[in-house]
Amino acid sequence: MMPYDLKEKRVLVTRGTRGIGREITRAFADAGARLVVCYREDQAAADTLAEQYGDVRVVRADISSAADVAQLVAECRTRLGGLDVVVHNAVAISQVPLAELTLDEWRRVIDTNLTGAFLVAQASLPLLGNGASIVLVGSKVAMVGAPLRAHYTASKAGLIGLARSMAKELGPQGIRVNVVAPGVVDGEATAKLPLERYRYFQNLTSLKRTGQPAEVAEVVLFLASTAAAFVTGETINVDGGA
């Protein structure tokens, strides 16, 4: 990865123990940042990350809970003394036909993906200063839609509006806010796809391949660094030209 000026930067990554989030955590840690990372359910993944990166503080938190978010940010204050970067990567997803989508499932996905981003950003504000960066991990689906995922698509589309509004409001304080929107990226979900379906997703892209988690992490690091000092309110698609 390109070396960015992230040594000793204080970073919070939500859902930073699996998939894209884990690669984001690794990238920041390898760049010399100091991290607090949260997870919700996968204890094994959290344990292996903590073993691999002993200086990374791994905390359990439900991002849809204001009380849990408050405790998480308090841990950042205690452990790091403040924050330079906040990466909201927590995600809830399911595939449900619109006619069968329950209000509880709608709320579960919206509360984690969108309300969680609001809660984390709001709670982190007292710890952020001039030059800080907030990065929301969205999805290309926000721009194109997807059947069976109305709730997920709505939550990711909401992140774009949230980021643009926060960028305008927080810009005078020197705080930047951006969205990284991955397309189909290799991971647990793609590993379960039939080969024909996997090749279908590859062929949707201009590069005729799926993405790698590290390629998403690279863009997150860019947005967190001074290389992106004049970039805010933007959505950067990392989708291979899909």
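Scope of the values below: all heavy atoms of this structure, side chains included, with no hydrogens, waters or symmetry mates. All values reported here derive from a predicted model rather than from experimental measurement.
- To the nearest 0.5 Å, atom CD1 of residue Ile93 and atom OG1 of residue Thr112 are 12.0 Å apart.
- No donor-acceptor distance shorter than 3.5 angstrom exists from the side chain of Asp84 to the backbone of Lys9, with no hydrogens or angles considered.
- None of Val220, Asn89, Ile236 except one satisfies the side chain to side chain contact (heavy atoms under 4.5 Å, CB included) rule with Val135; the exception is Val220.
- In this structure a side-chain-to-backbone donor-acceptor pair under 3.5 Å is missing from Thr153 to Ala150.
- Between the side chain of His88 and the main chain of Arg15, no donor-acceptor pair closer than 3.5 Å is present.
- Side chain of Thr235 to backbone of Val179: no donor-acceptor contact under 3.5 angstrom is found.
- Hydrophobic clustering of Ile, Leu, Val, Met, Phe, Trp and Tyr side chains at less than 4.5 Å, counting indirect connections, unites Val231 with Val85.
- Nearest heavy-atom pair across Leu221 and Ala27 is CD1-CB, 3.6 Å.
- Smallest separation of non-hydrogen atoms from Leu49 and Gly16: CD2-O, 3.5 Å.
- Note: Thr17 OG1 to Ile24 CD1 = 11.5 Å, rounded to the nearest 0.5 Å.
- Between the side chains of Glu234 and Asn178, no donor N or O sits under 3.5 Å from an acceptor N or O.
- Looking at heavy atoms from C-beta onward, Asp239 lies out of side-chain contact with Thr205 at the 4.5 angstrom threshold.
- Arg60 places no side-chain N or O within 3.5 Å of a backbone atom of Cys38 that could act as its donor or acceptor partner.
- Under a 3.5 Å cut-off, the side chain of Arg40 and the backbone N or O of Ala61 do not form any donor-acceptor pair.
- Within the structure, side chain to side chain donor-acceptor pair (under 3.5 Å) contacts touching residues 64-74 (residues at least two apart or in different chains) are Asp62-Ser64.
- Following chains of ILVMFWY side-chain contacts shorter than 4.5 Å, one can reach Leu6 starting from Val11, so the two form part of one hydrophobic cluster.
- Put simply, the side chain of Val96 does not reach to within 4.5 Å of the side chain of Trp106, judged on heavy atoms.
- Annotation: Asn203, atom CG; neighbour count of heavy atoms from other residues, nucleotides and ligands within 6.0 Å is above 12.
- Arg149 and Ser155 share no side-chain donor-acceptor pair at under 3.5 Å.
- Side-chain atoms of Thr190 come within 3.5 Å of backbone N or O of Gly187 as a donor-acceptor pair.
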Residue pair Gln52, Arg22: steps toward the side chain to side chain contact (heavy atoms under 4.5 Å, CB included) verdict: CA-CA 11 Å; Gln52 185 177 7; Arg22 190 181 185 95; 4.1 Å; yes
Residue pair Tyr200, Leu193: steps toward the side chain to side chain contact (heavy atoms under 4.5 Å, CB included) verdict: CA-CA 10 Å; Tyr200 166 78; Leu193 290 172; over 6 Å; no
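- Using a 4.5 Å cut-off on side-chain heavy atoms (C-beta onward), Thr232 and Met166 make no contact.
- Considering CG of Leu195 and CZ of Arg197, their distance stands at 13.0 Å, rounded to 0.5 Å.
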Steps toward side-chain hydrogen bond (donor to acceptor under 3.5 Å, both in side chains) verdict (Asp5, Thr226): CA-CA 7 Å; Asp5 55 331; Thr226 55; 2.5 Å; yes
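- In Arg107, the CZ atom is not crowded: 12 or fewer heavy atoms of neighbouring residues, nucleotides or ligands sit closer than 6.0 Å.
- Between the side chain of Lys156 and the backbone N or O of Val137, at least one donor-acceptor pair lies under 3.5 Å.
- Without hydrogens or angle criteria, Asp42 side chain to Ala44 main chain gives a donor-acceptor distance under 3.5 Å.
- At least one donor-acceptor pair closer than 3.5 Å links the side chain of Arg34 to the backbone N or O of Arg79.
- Glu169 CD: 12 or fewer foreign heavy atoms inside a 6.0 Å radius.
- Residues Val73 and Leu125 fall within the same hydrophobic cluster, defined by Ile, Leu, Val, Met, Phe, Trp and Tyr side chains chained together at heavy-atom separations under 4.5 Å.
- Here the closest non-hydrogen pair linking Ala224 and Ser133 is CA-OG, 3.7 Å.
- Taking hydrophobic clusters as Ile, Leu, Val, Met, Phe, Trp and Tyr residues chained together by side-chain heavy-atom distances below 4.5 Å, Ile20 does not share a cluster with Val120.
- A salt bridge links Arg209 to Glu215: at least one charged side-chain nitrogen sits closer than 4.0 Å to a carboxylate oxygen.
- In this structure, Leu127 and Cys76 have side chains that are in contact, with non-hydrogen atoms separated by less than 4.5 Å.
- Applying the salt bridge (charged side-chain N to carboxylate O under 4.0 Å, His left out) criterion to Arg108, with sequence neighbours excluded, gives Glu105.
- Taking 4.0 Å as the cut-off between side-chain N and carboxylate O, Arg18 and Glu188 count as a salt-bridged pair.
- For the atom pair Ile134 CD1 and Leu170 CG, the distance stands at 5.5 Å (nearest 0.5 Å).
- Taking NE2 from His151 and CG from Leu148, the interatomic distance works out to 9.0 Å, rounded to the nearest 0.5 Å.
- The minimum heavy-atom distance linking Val141 with Ala146 is given by the pair CG2-CB, 3.4 Å.
- At a threshold of 4.5 Å between side-chain heavy atoms, the hydrophobic network of Ile, Leu, Val, Met, Phe, Trp and Tyr places Leu136 and Met143 in two separate groups.
- Counting non-hydrogen atoms of neighbouring residues, nucleotides and ligands closer than 6.0 angstrom, the NZ atom of Lys168 reaches no more than 12 such neighbours.
- Between Phe28 atom CZ and Leu12 atom CG the span is 10.5 Å, to the nearest 0.5 Å.
- Between Ser139 and Ala181, the shortest heavy-atom contact is C-CB, 3.7 Å.
- With contacts defined as side-chain heavy-atom distances shorter than 4.5 Å, the pair Leu114/Leu159 qualifies.
- A search for side-chain contact (heavy atoms from CB on, under 4.5 Å) contacts involving Gln202 returns Tyr198, Arg199, Thr210, not counting sequence neighbours.
- The minimum heavy-atom distance linking Pro213 with Gly19 is given by the pair CB-O, 4.4 Å.
- The side-chain heavy atoms of Leu72 and Ile63, taken from C-beta on, include a pair separated by under 4.5 Å.
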